[in-house]
Undergrad: 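Okay, handing you the structure first.
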There are 2 protein chains.
Amino acid sequence: MSSNVTLKQIAKELGLSAMTVSRAINNKDNVDEKTRERVLAKAKSMGYTPNHLAKSLVSQKTYTIGVVIPEISHSFFPEVVRGIEEVTYEKNYQLILTHSAEKFEREQSAIETLRSKRVDGIMISCSQTTRNNSFYKNLTNIGVPIVFFDRCIDGIGLSCITVNDKTGAKQITQHLINHGYKKIAHLRGPQGVSIGKKRFEGFKEALSEAHLELDEKLVADTGFQEEGGYEAMKKILELPKEEWPDAVMAVNDPAAFGAIEAIKEAGLSIPDDIAIVGFSDDIRAELLPVPLTTVQQPAYEVGKKAAQKLIRLVEDDEEKHENIEVLTELMIRSSCGCK
Amino acid sequence: MSSNVTLKQIAKELGLSAMTVSRAINNKDNVDEKTRERVLAKAKSMGYTPNHLAKSLVSQKTYTIGVVIPEISHSFFPEVVRGIEEVTYEKNYQLILTHSAEKFEREQSAIETLRSKRVDGIMISCSQTTRNNSFYKNLTNIGVPIVFFDRCIDGIGLSCITVNDKTGAKQITQHLINHGYKKIAHLRGPQGVSIGKKRFEGFKEALSEAHLELDEKLVADTGFQEEGGYEAMKKILELPKEEWPDAVMAVNDPAAFGAIEAIKEAGLSIPDDIAIVGFSDDIRAELLPVPLTTVQQPAYEVGKKAAQKLIRLVEDDEEKHENIEVLTELMIRSSCGCK
DNA sequence: TTGTACGCGTTATCAA
DNA sequence: TTGATAACGCGTACAA
């Protein structure tokens, strides 16, 4: 248990003051070259490691950024984290990763803890159960910059880095419409979460621009997981047969996977009986028996852009908040009946 | 930029000493109930957040654990992180996540930084380029507990939590042997990395116990990625046709994926011409046109066990280092010719 | 029940 | 070029 070596200990060994040792180690120029060499040698032999806690206490800067993620094993987020890490590594910031497990309470407590650790900035992707309440409004003035990514809270003046959910959803819906589908169902994500809401908006806009009516019965609520998609699709298939949709647009790929199960169980085939499309280009989408048409989200880009924005906010007081959209790409495969 | 509120500031507002405020906020019993209420109300209205940096400086404890990961977007590691997070959340520790990007130098600097941040413990999974040199030997006596997971450095007395790589590799090789394959190739992982070495050992042991000879030409080196597998397989297929293997055991699934590409390109079919098996049960393995027989690694369990071990080392001086193996499971699918 | 002094490891500032 | 002092925010130990 070799306890940690301090500047003072090195100073004592060398008959110097802690201050001189500090200067030598931090490469200040007002140190005699011989002194510096002695200090560095001693520091090395004693196994000195600077104490960032003490440094940060003085400098009011931790070079640490907190990240709040709703679901680590969701394939999207590790990619985002890789993008974030790419930027923070280069800029010499460390990352404290917290996981809300889709629970608003854990999200709040994570943010509190990050503040206590005096991180220089916080990046948040909201949980499914997050609501835009006073908690977030109070967060706009706490001094530490906050940036949302992927799942955001709108209208409180904080930066938000997303994919273009609305446009992407609109495009893929239009793709279905252009191929002649008329009765299109939507497996709708949580409307309290921005991506759920925006994708639904894109869906509606595509329908209305094509003068197709929105059939409320063909809109079923789901979470972001397979089970939800499965249940939602089953509910739709409980309608009289003549009301069944000829195509389904799911809020994301996992929901689509669940729906595909339900469609298969009902003895229907994809895309002949019912076409289906997703959103997110999950790693599995391409590998399904009938590969899933979906919208690719550049997760890595989202992470990078979000981290860059946050660091700019951290390092430059003049920097202003803004919303940034990263462009999605339509991935056309067989499940929509195209190939 | 409302700078952070301190105990002293609250004290001043209330005409108390900082000490009393501290006691009130930390629920010590020797505070007048009325005083406590006044303090808590004031703290809330002023937006007080305790400064963990200062606390840690005094207590010499950060309730933070550092994690060094070689590749975040490799599907195995996010699962491990989820397991780690599960444990640390419950025990009230925070996680600093660092990413070595498979580079030993980044791994070293990450560890240095974590030490500077005075984390209570460090969890490491080595990069592909890591070598067991003096750097790691020096790490055994630095005071902060270290635990390896998945990719370890042996023989320096630190804990290591892995899946049973050797036995798993042996079992899946035996599975091939039992089905009559005689010329089995191995796409071998980096031998400086424990999993690469152990899986190769398991492979060899299965062969020798079955009295099959190891054909050096059928052992091709690969990294842990698809490209490496692709190249390695191509190299094997450059041998005269009569020397081709009838089965291939890859160090992991991504390498197998790459090899499958090479096999297809050569116009061969799986498993009829060449059977192939992997290791790790990547999320994609099951979804291939010919689902891949592989070894499932309980990544989540590895993370949990590793975190539990580390926290025990952190909290109990008596706790000793040990190696823990989490059991793998053979996932039999079609690529080995069984189904 | 409340307050004062001191130390955690470091750096900024001013003096020598 | 070097050193002494104070301060960062908090908690322990002791005194009032």
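Quick note on labels: first sequence line is chain A, next is B, and so on, each numbered from 1. Side-chain atoms are counted along with the backbone in the values below, which use heavy atoms only and exclude waters and symmetry mates.
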Undergrad: What's the closest nucleotide to the N26(A) side chain, out of dT11(C), dG9(C), dC10(D)?
TA: dT11(C)
Undergrad: Return the nearest nucleotide to the side chain of Y48(A); candidates are dG11(D), dT10(C), dG9(D).
TA: dT10(C)
Undergrad: What does S56(B) touch in the nucleic acid at a heavy-atom separation under 4.0 angstrom: a base, only the sugar-phosphate, or nothing?
TA: nothing
Undergrad: Could you give the CG-to-C1' distance, from N30(A) to dA15(C), as a whole number of Å?
TA: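 It is 14 Å, rounded to the nearest whole Å.
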Undergrad: Disulfide (SG to SG under 2.5 Å) for C152(B) and C160(B)? Distances and angles first, verdict last.
TA: CA-CA 6 Å; C152(B) 312; C160(B) 188; 2.0 Å; yes
Undergrad: Rounded to whole Å, how long is the line connecting atom NZ of K55(B) with atom P of dT12(D)?
TA: 10 Å
Undergrad: By nearest heavy atom, map T49(A) and G15(B) onto DNA chain C; which one lands nearer the 5' end?
TA: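 That would be G15(B).
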Undergrad: Just checking T35(B): base, sugar-phosphate only, or nothing, at a heavy-atom cut-off of under 4.0 Å?
TA: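 Sugar-phosphate, no base atom in range.
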Undergrad: From dG9(D), dT2(C), dG9(C), pick the nucleotide closest to the side chain of V31(B)?
TA: dT2(C)
Undergrad: Output the single nucleotide from dC10(D), dG3(D), dT10(C) whose closest atom is nearest the side chain of A54(B).
TA: dC10(D)
Undergrad: Do R118(A) and dG9(D) have a side chain to base donor-acceptor pair shorter than 3.5 Å?
TA: no
Undergrad: With heavy atoms under 4.0 Å as the rule, sort D32(A) into base, sugar-phosphate or nothing.
TA: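 The answer is sugar-phosphate, as D32(A) gets under 4.0 Å only of primed atoms, P, OP1 or OP2.
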Undergrad: Would a 4.5 Å heavy-atom cut-off, applied to side chains only, mark Q60(B) and R118(B) as touching?
TA: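 A side-chain contact under 4.5 Å is absent here.
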Undergrad: May I have the distance from I25(B) (atom CD1) to dG9(D) (atom P), rounded to whole angstrom?
TA: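 From I25(B) CD1 to dG9(D) P: 14 Å.
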Undergrad: Q60(B) has a side chain; which of dG9(C), dT10(C), dA13(D) sits nearest to it?
TA: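 Per side-chain heavy atoms of Q60(B), the pick is dG9(C).
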Undergrad: Output the rounded distance in Å from CE (M46(B)) to P (dG9(D)).
TA: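 So the two atoms are 12 Å apart, to the nearest Å.
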Undergrad: Quick one: is dT2(C) close enough that its OP1 or OP2 comes under 4.0 Å of any side-chain N or O from T20(B)?
TA: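 Indeed not, no polar side-chain atom of T20(B) lies that close.
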Undergrad: Would you classify L53(B) as touching base, sugar-phosphate or nothing, given that sugar-phosphate means primed atoms plus P, OP1 and OP2, and contacts are heavy atoms under 4.0 Å?
TA: nothing
Undergrad: Using atom NZ of K28(A) as one end and atom P of dT1(D) as the other, report the distance to the nearest whole Å.
TA: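 Distance check: K28(A) NZ to dT1(D) P gives 15 Å.
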Undergrad: Have a look at T130(B) and tell me which of R151(B), K103(B), E105(B), E107(B) forms a side-chain hydrogen bond (donor to acceptor under 3.5 Å, both in side chains) with it.
TA: E107(B)
Undergrad: Between P on dG9(D) and CG on N51(B), what's the gap in Å once rounded to a whole number?
TA: 7 Å
Undergrad: What contact category does V58(A) fall into here, base, sugar-phosphate, or nothing, at under 4.0 angstrom with non-hydrogen atoms?
TA: base
Undergrad: Side-chain N or O of S22(A) versus OP1/OP2 of dT11(C): is the shortest distance under 4.0 Å?
TA: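 Yes, such a contact exists.
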Undergrad: Relative to each other, are the rings of F77(A) and F149(A) parallel, tilted or perpendicular (30° and 60° limits)?
TA: perpendicular
Undergrad: Check the distance between dG9(D)'s C1' and K12(B)'s NZ and give it to me in whole angstrom.
TA: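 After rounding, the reported distance stands at 16 Å.
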Undergrad: Does a side-chain heavy-atom distance below 4.5 Å link F135(A) with I111(A)?
TA: yes
Undergrad: Side chain of S17(A), heavy atoms from C-beta onward: which of dC8(C), dT11(C), dG3(D) has the nearest atom to it?
TA: dG3(D)
Undergrad: Want to settle it: does L57(B) or M19(B) sit nearer the 5' end of DNA chain D, counting the closest nucleotide to each?
TA: L57(B)
Undergrad: Atom NZ of K8(B) and atom P of dC6(C): how far apart are they, to the nearest Å?
TA: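 For the pair K8(B) NZ and dC6(C) P, the rounded distance is 15 Å.
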Undergrad: Quick one: sort the F104(A) and Y136(A) rings into parallel, tilted or perpendicular, breaks at 30° and 60°.
TA: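 Geometry flag for Y136(A) against F104(A): parallel rings.
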